[in-house]
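When a ligand or atom number is given, it counts from 1 through the structure's own listing order. Quick caveat: nothing in here was measured; it's all calculated off a predicted structure. In what follows, every heavy atom counts, from backbone to side chain, and hydrogens, waters and symmetry copies are set aside.
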Amino acid sequence: MSIPVVTVGQSREDVVGGLERLHGPVTVVRRCAELTELLAACQSGLARAAVVADGCEGLTASLVDRLGAVGVAIIALTDDADEAARLRGIGVASALTGVESAALAGRIAEAVSQLTGAATVATSGSGLGDTSAALRQRPADQAGVPPASGAGKIIAVWGPAGSPGRTFVAANIAGELAADGKSVLLVDADSYGASMAAVLGLLDESAGIAQACRLADQGLLDADALLKVANPVTTKLGTFRVLTGITRADRWTELRAAALSLVLERAKEVADVVVVDTGFCLEADEELSFDTMAPRRNAATLRSLELADTVYAVGAADPVGVPRLVRGLAELELAVPNVSPVVVMNKVRAAAVGRSPERQLKDAWGRYGPSAKIEAFLPADSAAADAALLGGSLLLETAPDSKLRQAIAKLVCAPVQQSSRSSVFSSTPRLQ
Ligand SMILES: Nc1ncnc2c1ncn2[C@@H]1O[C@H](COP(=O)(O)OP(=O)(O)OP(=O)(O)O)[C@@H](O)[C@H]1O
Ligand SMILES: [Mg+2]
């Protein structure tokens, strides 16, 4: 069967006209005046492939993702090698220069079959382009962050509504891993209430995550560019980098899934561990409605959870927080089926659950909770948490000997200063 193709723009060699004259493996069903018309045509199910004969500068990762989601492969024509690399980086199937119509038809067929083969990957949430295409040599990090192995892991810190301590736990995990000699990038991907900059005492208005997503969307996020928009944070025991969150909640549209995927993929190249502070909400609002390209409010959280190697599910240990966590874990299983969350009970205190709070929580969890057991109990320690907050600092500085700090360190590192291997990332060689 002939592949229906929509096109936009004219190339010098009139390859589109050539495609029409082929009367063969592809059929040009519409010539569009601009990319928005091309997108609309694709969303209405008209085509299996789109040829962008000129104006490919307008192609972004989000647009490519949307076309991929409706099963359309994109082939862009360009004479510029850098532009071709950029296009491959955002997932454009082929970027050809001076190609004959017959060869182009062959590339279209190939791109369509590749997209069909890749469909399972796309639905599992990766939505990535050829991320190695834009990869340059990893630059030396000038900020004092140790060099990365190039194959980092992602930790997502999630938890239900009610401020169970996601940001606090994520920040302190990052600090502990940096203290353990790891190269760490902390990412604030909360699309409702970003607060990492404030927690770390940064006077930051730059929304590093939004900048990184913008660059990724344009296919311009290489390792250098990522390191430039990620602030270094130095503690007594180590330095890590942070991509600060959006400065106003209404900027959530800047955190699109396709762009964030590229940011996280690139992040894994510049850091051994990427710690992502996520939002609470897991509702899957539809990205593709028939006549719009609505972004998803929860895309950043969902995509972070889909791409994470380890998910910490943080709940507040009180009569409101525990049932919320139980319900949240059921929602998490539905939203991201393959995830096996590490359940963390935070702010554990007798005053909220009774004497021997850990035992009480374990018993209640055994009776009413899901099968995933509680892996960690982080004690409530308002004095330590407030001192850290006031100083824009971390527990390893303000309360280094506190049980709370030790419990967080134990979560991600082997018993503090005792072992040379991380318990979560036992396959990651220690860097020192
Ligand atoms: N173990 C703890 N003991 C005492 N206070 C804590 C503990 N963990 C977190 N907190 C405090 O609880 C408050 C909420 O924490 P945090 O901002 O990390 O929550 P969150 O889940 O990220 O909430 P949000 O919905 O605002 O993103 C902060 O003031 C923090 O310092
Ligand atoms: Mg938070």
*Asks:* So which atom in Val339 and which in Pro341 form the shortest heavy-atom distance, rounded to 0.1 Å?
*Replies:*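 Smallest heavy-atom distance, with atoms named: O-CD, 3.5 Å.
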*Asks:* Looking at Leu404, which atoms of ligand 1 are within less than 4.0 Å of one of its heavy atoms?
*Replies:*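 Listed by number with element, the hits are 1 (N), 2 (C).
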*Asks:* Regarding Thr167, does it place an N, O or S atom less than 2.8 Å from the Mg ion (ligand 2)?
*Replies:*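 A backbone or side-chain N, O or S atom of Thr167 is under 2.8 Å from the Mg ion (ligand 2).
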*Asks:* When rounded to the nearest 0.5 angstrom, what distance separates OG1 in Thr78 from CD in Glu83?
*Replies:*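 It is 5.0 Å, given to the nearest 0.5 Å.
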*Asks:* Looking at Leu389, which atoms of ligand 1 are within less than 4.0 Å of one of its heavy atoms?
*Replies:*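 Those of ligand 1 that fall under 4.0 Å from Leu389 are 29 (O).
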*Asks:* With backbone taken as N, CA, C and O and side chain as the heavy atoms from C-beta onward, which portion of Asn346 lies under 4.0 Å from ligand 1: side chain, backbone, both, or neither?
*Replies:*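 Just the side chain.
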*Asks:* Give a yes-or-no answer on whether the side chains of Thr239 and Thr234 include a donor-acceptor pair shorter than 3.5 Å.
*Replies:*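 Distance-only check passes for Thr239 and Thr234.
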*Asks:* For Glu333, does the CD atom sit with more than 12 other heavy atoms under 6.0 Å from it, leaving out its own atoms?
*Replies:*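 Open: at most 12 neighbouring heavy atoms sit under 6.0 Å from CD of Glu333.
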*Asks:* Apply the side chain to side chain contact (heavy atoms under 4.5 Å, CB included) test between Leu38 and each candidate in Leu46, Thr7, Leu67; give the one that qualifies.
*Replies:*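 When Leu46, Thr7, Leu67 are each tested with Leu38, the side chain to side chain contact (heavy atoms under 4.5 Å, CB included) holds only for Leu67.
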*Asks:* How far is atom 24 (P) of ligand 1 from the closest protein heavy atom, and which atom is that?
*Replies:*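 Here the nearest protein heavy atom works out to Arg166 NH2, 3.3 Å.
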*Asks:* Check whether the side chains of Thr244 and Asp188 place a donor and an acceptor atom closer than 3.5 Å, and report yes or no.
*Replies:*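 Absent: no donor and acceptor within the cut-off.
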*Asks:* Which residue owns the protein heavy atom closest to atom 26 (O) of ligand 1, what's the atom, and how far is it?
*Replies:*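 I find the closest protein heavy atom is Ser163 OG, 3.4 Å.
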*Asks:* Indicate yes or no: does an N/O atom of Gly165 lie under 3.5 Å from an N/O atom of ligand 1?
*Replies:*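 Looking only at distances, the answer is yes, because the N/O contact criterion of under 3.5 Å is met.
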*Asks:* Among the heavy atoms of Gly159, does any lie under 4.0 Å from an atom of ligand 1?
*Replies:*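 Under 4.0 Å: no for Gly159.
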*Asks:* So, is Asp277 polar-close to ligand 1, with some N/O to N/O distance under 3.5 Å?
*Replies:*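 No, no N or O pair falls under 3.5 Å.
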*Asks:* For ligand 1, which atoms, with element, lie under 4.0 Å from some heavy atom of Asp190?
*Replies:*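 Ligand 1 atoms under the 4.0 Å threshold to Asp190: 27 (O).
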*Asks:* Need the ligand 1 atom indices (1-based, order shown) with element for anything under 4.0 Å from a heavy-atom of Ala385.
*Replies:*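 Every atom of ligand 1 under 4.0 Å from some heavy atom of Ala385: 4 (C), 5 (N), 6 (C), 31 (O).
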*Asks:* May I ask you to check whether Lys347 has an N/O atom sitting below 3.5 Å from an N/O atom of ligand 1?
*Replies:*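 By distance alone, the answer is yes.
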*Asks:* Please confirm whether Asp386 comes within less than 3.5 Å of ligand 1 when only nitrogen or oxygen atoms on both sides are compared.
*Replies:*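 Asp386 vs ligand 1: no N/O contact under 3.5 Å.
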*Asks:* Does a side-chain N-to-carboxylate-O contact under 4.0 Å join Glu254 and Arg256?
*Replies:*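 Looking at Glu254 and Arg256, the cut-off is not met.
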*Asks:* Ring of Tyr192, cation from Arg297 - is the NZ or CZ under 6.0 Å from the centre and inside 45° of the axis?
*Replies:*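 Flagged: Arg297 positioned over aromatic ring of Tyr192.
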*Asks:* Do the side-chain N and O atoms of Asp272 and Ser183 include a donor-acceptor pair separated by under 3.5 angstrom?
*Replies:*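 The answer is no; no qualifying pair exists.
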*Asks:* Answer yes or no for Pro379: is there a heavy-atom contact with ligand 1 below 4.0 Å?
*Replies:*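 Contact present.
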*Asks:* Look at the side chain of Arg251 and the backbone N and O of Ser191, then say whether any donor-acceptor pair between them is shorter than 3.5 Å.
*Replies:*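 Answer holds: no.
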*Asks:* Do the side chains of Arg405 and Glu176 get close enough for a salt bridge, i.e. N-O under 4.0 angstrom?
*Replies:*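 Looking at Arg405 and Glu176, the cut-off is met.
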*Asks:* Where is the nearest protein heavy atom to atom 22 (O) of ligand 1: which residue, which atom, and how far?
*Replies:*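 Nearest protein contact, heavy atoms only, for atom 22 (O) of ligand 1 is Thr167 OG1, 2.7 Å.
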*Asks:* Quick one: does Ser195 get within less than 4.0 Å of ligand 1, heavy atoms only?
*Replies:*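 Per 4.0 Å heavy-atom rule, Ser195 does not contact ligand 1.
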*Asks:* Where is the nearest protein heavy atom to atom 3 (N) of ligand 1: which residue, which atom, and how far?
*Replies:*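 Going by distance alone, atom 3 (N) of ligand 1 is nearest to Asp381 N, 3.0 Å.
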*Asks:* Among protein heavy atoms, which sits nearest to atom 18 (O) of ligand 1, and what does the distance come to when rounded to 0.1 Å?
*Replies:*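 Nearest neighbour among protein heavy atoms for atom 18 (O) of ligand 1, to 0.1 Å: Phe168 N, 2.7 Å.
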